[in-house]
Number of protein chains: 2
Amino acid sequence: MPRSTRRRPALSHPAAEEIDLYDVLHALSDPTRMTIVRVLRAEPERACGTFPVDVAPSTLSHHFKVLRESGVISQREEANRRFSALRTVDLERRFPGLLDTVLAALARNETGAEATWHG
Amino acid sequence: MPRSTRRRPALSHPAAEEIDLYDVLHALSDPTRMTIVRVLRAEPERACGTFPVDVAPSTLSHHFKVLRESGVISQREEANRRFSALRTVDLERRFPGLLDTVLAALARNETGAEATWHG
DNA sequence: TACGATGTTCGACGAACGACGAAATTGCCG
DNA sequence: CGGCAATTTCGTCGTTCGTCGAACATCGTA
């Protein structure tokens, strides 16, 4: 039998008012993490292993931690799966328009001139 | 006599269409560089040494280079001074609303809860 | 109970980052 | 000409970053 209902430490999320802009910008300045955010905007919730990113599981786990501790996403445990979701409401309250603007910029970025020779 | 009218290599600026979002977000994820951007939004142009940041001149020069090569600012030489300006038009064309939204978020960030104990 | 699936933690590694001081460049001015 | 002021370049130091593999934990299920 499990020795306790909750053996793993609770997932740490910053409160909405404590989300730091520099942490958010740093979290969004990585292509792998940005891909996670982009996918997560289309779907309300998604399990960690189902993202179209090409990195090792441990690396992916690291990126989720960065996103979570910066306040960009929240994570919820269910069985041995971990579901992630964008903290759209908290983010909008703290930094109005930021997430939408950055995601719109991301769409522009992919049609930019450097996609031909830079990537 | 000077051996040439232009001895120093020309300052490299990315074209407006080549500005990369990840470079911009990374450039803005540092407090010193963000201070430069904030000051530069209030004034159209300013010499490098006149910014209210507390780092060594060589460090400051490094930050200006990061900002310039990411496309956030432009730099112009005049005598032995170098003037910096925000590339507001190019930025607005490439990523509409991004700069304004981030700077509005910065104002929010400074009145946040973490300013009491985190700074 | 044992296995497989899911995901994390723990080092390790090379690359990049932010910071500095020293030296060099450039141009103005006494 | 000879400083002085502004700024960059170079080398260095310590830290952080992104990545990986190996090991561990948890849960459902055969």
Side-chain angles (χ1 to χ4, degrees), chain A residues 1-13 20 22-37 45-70 72-85, chain B residues 1-13 20 22-37 45-70 72-85:
Chain A
M1 89 183 179
R3 295 196 262 273
S4 161
T5 310
R6 178 172 298 279
R7 300 266 312 146
R8 290 204 284 228
L11 297 171
S12 65
H13 296 83
D20 183 73
Y22 296 111
D23 292 342
V24 171
L25 293 179
H26 170 250
L28 297 179
S29 69
D30 179 86
T32 300
R33 290 192 290 260
M34 189 70 99
T35 297
I36 293 172
V37 171
E45 214 180 27
R46 191 154 177 153
C48 290
T50 68
F51 285 82
V53 294
D54 196 28
V55 290
S58 57
T59 303
L60 191 55
S61 186
H62 161 71
H63 285 311
F64 278 113
K65 186 179 180 184
V66 171
L67 285 168
R68 175 168 45 82
E69 294 184 343
S70 71
V72 174
I73 69 169
S74 62
Q75 289 189 298
R76 168 180 77 85
E77 291 182 299
E78 182 177 309
N80 56 354
R81 249 176 265 199
R82 194 170 282 193
F83 288 91
S84 301
Chain B
M1 92 183 175
R3 296 194 262 272
S4 160
T5 309
R6 178 171 299 280
R7 298 268 311 148
R8 289 205 284 228
L11 297 171
S12 65
H13 296 84
D20 183 73
Y22 296 113
D23 292 343
V24 171
L25 293 179
H26 170 251
L28 297 180
S29 69
D30 178 88
T32 299
R33 289 192 290 260
M34 189 70 99
T35 297
I36 293 171
V37 171
E45 212 180 28
R46 193 156 177 150
C48 289
T50 68
F51 285 83
V53 296
D54 197 26
V55 292
S58 56
T59 304
L60 191 54
S61 185
H62 160 71
H63 285 310
F64 277 113
K65 186 179 180 184
V66 172
L67 285 169
R68 176 168 43 84
E69 293 184 343
S70 70
V72 175
I73 69 170
S74 62
Q75 288 189 298
R76 166 180 79 83
E77 291 180 301
E78 181 177 308
N80 55 355
R81 250 176 265 198
R82 194 170 281 192
F83 288 90
S84 299

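The sequence lines fix the lettering, A, B, ..., with proteins before strands; numbering per chain opens at 1. Computed from a predicted model, the values in this text were never measured in an experiment.
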Novice: Out of C:dA19, C:dT8, D:dT8, which nucleotide sits closest to the side chain of B:H63?
Specialist: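 The answer is C:dA19.
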Novice: For B:F64 and A:V55, take the nucleotide of DNA chain D holding the closest heavy atom to each; which residue's nucleotide lies nearer the 5' end?
Specialist: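 Residue closer to the 5' terminus by nearest nucleotide: B:F64.
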Novice: Please state how far atom CG in A:D54 lies from atom P in D:dC20, giving the value in whole angstrom units.
Specialist: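 Distance, rounded to whole Å: 8 Å.
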Novice: Could you state the CZ-C1' distance from B:R46 to D:dA6, rounded to the nearest angstrom?
Specialist: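 Spelled out: CZ on B:R46 to C1' on D:dA6 is 15 Å.
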Novice: What is the distance, rounded to the nearest whole Å, between atom CZ of A:R76 and atom P of C:dG7?
Specialist: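 Computing the A:R76:CZ to C:dG7:P distance gives 12 Å.
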Novice: From CZ of A:R82 over to C1' of C:dT8, roughly how many Å is that when rounded to an integer?
Specialist: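 Nearest whole value for this atom pair: 7 Å.
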Novice: Atom OH of B:Y22 to atom P of C:dA16: distance rounded to whole Å?
Specialist: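 Nearest whole value for this atom pair: 18 Å.
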Novice: Quick check: on DNA chain D, is the nucleotide nearest B:L60 upstream (toward 5') of the one nearest A:H26, or the reverse? Name the residue that is more 5'.
Specialist: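 Between the two, 5'-proximity favours B:L60.
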Novice: Just compare C:dG18, C:dC20, D:dT19 and give me whichever is closest to any side-chain atom of B:A56.
Specialist: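 Output: C:dC20.
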Novice: A side-chain contact here means heavy atoms from C-beta on lying under 4.5 Å apart; do A:R82 and A:L11 qualify?
Specialist: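 Yes, at least one pair of side-chain atoms sits under 4.5 Å.
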Novice: Go through the N and O atoms of the side chain of A:T59 and the base of D:dG18, and report whether any donor-acceptor pair is under 3.5 Å.
Specialist: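 No, the side chain and the base share no sub-3.5 Å donor-acceptor pair.
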Novice: What is the distance, to the nearest angstrom, from the CG atom on A:L11 to the P atom on C:dT9?
Specialist: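 Taking atom P of C:dT9 as the reference, CG of A:L11 is at 9 Å.
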Novice: OP1 or OP2 of D:dG18 less than 4.0 angstrom from a side-chain nitrogen or oxygen of A:R33, does that happen here?
Specialist: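 So the side chain of A:R33 is within the cut-off, an N or O lying under 4.0 Å from OP1 or OP2 of D:dG18.
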Novice: I want to check something: taking the side chain as every heavy atom from C-beta on, are B:T59 and B:H63 in contact at a cut-off of under 4.5 Å?
Specialist: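 Side-chain contact under 4.5 Å: yes.
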Novice: Looking across every strand, which nucleic acid part, if any, lies under 4.0 Å from B:V66 by heavy atom: base, sugar-phosphate, or nothing?
Specialist: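 Contact class for B:V66: none.
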Novice: Can you tell which of C:dA19, D:dC20, C:dG7 lies closest to the side chain of A:A47?
Specialist: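 The answer is C:dG7, which lies nearest to the side chain.
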Novice: For B:F83 and D:dT7, give me the distance from atom CZ to atom P, rounded to whole Å.
Specialist: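 In whole Å, D:dT7 P lies 8 Å from B:F83 CZ.
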Novice: Which listed nucleotide (C:dT6, D:dA22, C:dG21) is nearest to the side chain of B:S58?
Specialist: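 Per side-chain heavy atoms of B:S58, the pick is C:dG21.
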Novice: Using side chain to side chain donor-acceptor pair (under 3.5 Å) as the criterion, point out the one residue from B:H13, B:R68, B:K65 that pairs with B:Q75.
Specialist: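 In the set B:H13, B:R68, B:K65, the residue that makes a side chain to side chain donor-acceptor pair (under 3.5 Å) with B:Q75 is B:R68.
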Novice: Given 3.5 Å as the limit, does a donor-acceptor pair link the side chain of A:S61 with the main chain of A:P57, or not?
Specialist: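 No; judged by distance alone, with no hydrogens or angles, the pair does not exist.
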Novice: Under 4.0 Å from OP1 or OP2 of D:dC27: is there any side-chain N or O of A:R81 that close?
Specialist: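 It does not, given that no N or O in the side chain of A:R81 lies less than 4.0 Å from OP1 or OP2 of D:dC27.
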Novice: Any side-chain N or O of A:S61 below 4.0 angstrom from OP1/OP2 of C:dT8?
Specialist: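 Indeed, a polar side-chain atom of A:S61 lies that close.
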Novice: Between atom CZ in B:F51 and atom P in D:dA6, what is the gap in whole Å?
Specialist: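 Whole-Å distance recorded here is 15 Å.
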Novice: What nucleotide among D:dA6, D:dC27, D:dG18 has an atom nearest to a side-chain atom of A:H62?
Specialist: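 Nucleotide nearest to A:H62's side chain: D:dG18.
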Novice: So do the side chains of A:M34 and B:Y22 get within less than 4.5 Å of each other, counting heavy atoms only?
Specialist: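 Yes. Closest side-chain heavy atoms under 4.5 Å.
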